[in-house]
Amino acid sequence: MNYQAILENIQEAMAPEFGKGRVADYIPALANVSPNKFGMAIQLIDGTQFKIGDANENFSIQSISKLFMLQLVMRNVGDMIWTKVGKEPSGDAFNSMVLLENEKGFPRNPFINAGAIVTTDMLMSNSKNAADQFKNYMRLISNNPSVDFDMDVAKSELGTAHVNFALAHFMKSHGVINNPIDALIDIYCKQCSMSMNCVDLATASLALANKGYSAICNDSVLSERNVKRINAVMLTCGTYDSVGSFAYRVGLPTKSGVGGGIVAIVPNVMAISVWSPELDRFGNSYVGTAALEMFTTITKLSIF
Ligand code: GLN
């Protein structure tokens, strides 16, 4: 398959899709990003890369960090993780509190904010410096020793993280959170601020496409069993309350973030990432979703 030509076709076809979504504006660092950015990167399991557009420009990975934090915690604590967080879609916005009250502080899944705050708390309990451990894991799997937190973004996130503080306090009142809330939300905001590009993200997701083995790291980053499980949680929970329509349109395990990035996995073939900052009403990249839909339509690489 001529992936480079396919990426070029997609980029051209996306022109009419701009202007239909809205860039995240809850902090200036996100609001100021140019809405017309578009990048895509493909990382085949043998290590071959393809890219187009702004694939080398860094952006804030935001909730895509939840995917990598989950991996790190599964590596550290194994199945224990599922005693504190579920694996069911929430059918609610990523920062919703509604279910949490009914379900006594037990978050539906690790890809909504409440669930990700729990996984970050678990890493803190198992690590002397959870933020550094997360950063080092991202550097390892992206094969890029320069990826880092964007401290301006992290500071703005922290200054506006009222709902995330509320979620954490509520869960702590139910005994779900072990660590001090201030330190916990500080690390959560740092992981969301991680600055990476499409090439970094496709590379970092490669193990999920290849039974846990990354040809770039030349190492088994994840067990085959955890890959099966994480891909399942991505498919069912990775795009918040639009997982159904996302599976219908794209048909791949996926994780998105409000920075406009999306990573998707074609099992046994590739990891693919796309970035375009305008979001749909669920917080997923508007153009990015359309681009991935076109990709699986042309290549017939949906898992279905
Ligand atoms: N930093 C954002 C938050 O915690 C991340 C949300 C997202 O990307 N969906 O609200």
Side-chain angles (χ1 to χ4, degrees), residues 21-33 58-70 85 89-100 107-121 123 131 134 138 149-171 177 181-196 198 201 204-205 233-234 237-243 246 254-264 273-289:
R22 278 192 57 197
V23 176
D25 58 3
Y26 67 96
I27 54 170
L30 292 180
N32 294 337
V33 176
N58 278 20
F59 58 90
S60 189
I61 70 168
Q62 293 293 328
S63 276
I64 303 174
S65 64
K66 295 172 166 109
L67 169 63
F68 302 112
M69 185 56 87
L70 173 66
V85 60
S90 69
D92 272 320
F94 59 81
N95 54 1
S96 176
M97 300 191 189
V98 172
L99 290 170
L100 210 51
R108 279 283 171 109
N109 68 67
F111 293 157
I112 51 174
N113 288 14
I117 290 168
V118 168
T119 56
T120 301
D121 182 62
L123 185 68
F134 179 78
M138 297 314 297
F149 305 126
D150 179 329
M151 288 312 293
D152 287 339
V153 172
K155 275 191 198 116
S156 310
E157 291 273 344
L158 192 60
T160 56
H162 310 299
V163 174
N164 291 323
F165 274 103
L167 292 168
H169 278 290
F170 186 76
M171 291 189 288
I177 298 291
I181 303 285
D182 284 347
L184 170 59
I185 299 301
D186 185 64
I187 295 175
Y188 173 81
C189 290
K190 282 193 179 120
Q191 75 189 56
C192 287
S193 82
M194 195 84 202
S195 179
M196 295 171 76
C198 289
L201 280 171
S205 308
V233 181
M234 289 172 81
C237 309
T239 50
Y240 322 115
D241 48 345
S242 69
V243 281
F246 211 97
T254 302
K255 186 71 202 86
S256 63
V258 293
I262 307 177
V263 297
S273 64
V274 58
W275 172 51
S276 191
E278 291 180 333
L279 307 177
D280 64 19
R281 67 191 172 92
F282 301 106
N284 301 313
S285 170
Y286 188 97
V287 180
T289 305

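Whatever order the structure lists them in is the order used to number ligands and atoms, beginning at 1.
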Participant: Only heavy atoms of Cys192, strictly under 4.0 Å: list the atoms of ligand 1 that pass.
Facilitator: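 Listed by number with element: 1 (N).
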Participant: Using a 4.0 Å cut-off to any heavy atom of Gly257, which atoms of ligand 1 qualify?
Facilitator: 8 (O)
Participant: Find all atoms of ligand 1 within a distance of less than 4.0 Å from any non-hydrogen atom belonging to Glu157, and give their numbers and elements.
Facilitator: 1 (N), 2 (C)
Participant: Where does Ser63 meet ligand 1, judged by heavy-atom distances below 4.0 Å: at the side chain, the backbone, both, or neither?
Facilitator: both
Participant: Using salt bridge (Lys or Arg N to Asp or Glu O under 4.0 Å) as the criterion, list what pairs up with Asp182, not counting sequence neighbours.
Facilitator: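 Asp182 satisfies salt bridge (Lys or Arg N to Asp or Glu O under 4.0 Å) with no residue once adjacent residues are dropped.
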Participant: For atom 10 (O) of ligand 1, grab the closest protein heavy atom and report residue, atom and distance to one decimal in Å.
Facilitator: Asn113 ND2, 3.1 Å
Participant: Distance to 0.1 Å, residue and atom name: give those for the protein heavy atom nearest to atom 4 (O) of ligand 1.
Facilitator: Tyr188 OH, 2.7 Å
Participant: Give me the atom names and distance for the closest heavy-atom approach of Ala168 to Ile177.
Facilitator: O-CG1, 3.9 Å
Participant: Does the side chain of Tyr188 come under 3.5 Å of the side chain of Asp121 through a donor N or O and an acceptor N or O?
Facilitator: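 No - no donor-acceptor pair under 3.5 Å links their side chains.
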Participant: Partners of Phe246 by ring pair (Phe, Tyr, Trp, His ring centres under 6.0 Å), sequence neighbours excluded?
Facilitator: none
Participant: Which residue holds the protein heavy atom closest to atom 5 (C) of ligand 1, what is that atom called, and what is the gap in Å?
Facilitator: Gln62 OE1, 3.2 Å
Participant: Is the side chain of Ser193 donor-acceptor paired with the backbone N or O of Asp150 at a distance under 3.5 Å, no angle test?
Facilitator: yes
Participant: Does Asn164 come within less than 4.0 Å of ligand 1, judged by its heavy atoms?
Facilitator: yes
Participant: Test of understanding: given a 4.0 Å heavy-atom threshold, classify the contact between Val258 and ligand 1 as side chain, backbone, both, or neither.
Facilitator: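 The answer is both, backbone and side chain.
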Participant: Output the list of atoms in ligand 1 that are nearer than 4.0 Å to some heavy atom of Tyr26, sorted by atom number.
Facilitator: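 So the answer, numbered in order with elements, is 1 (N), 2 (C).
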Participant: Is the Phe94 ring parallel, tilted or perpendicular to the Tyr240 ring (thresholds 30°, 60°)?
Facilitator: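 Phe94 and Tyr240: tilted rings.
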Participant: In terms of side-chain heavy atoms, does Ser90 have a donor or acceptor partner in Asn109 at a distance below 3.5 Å?
Facilitator: no
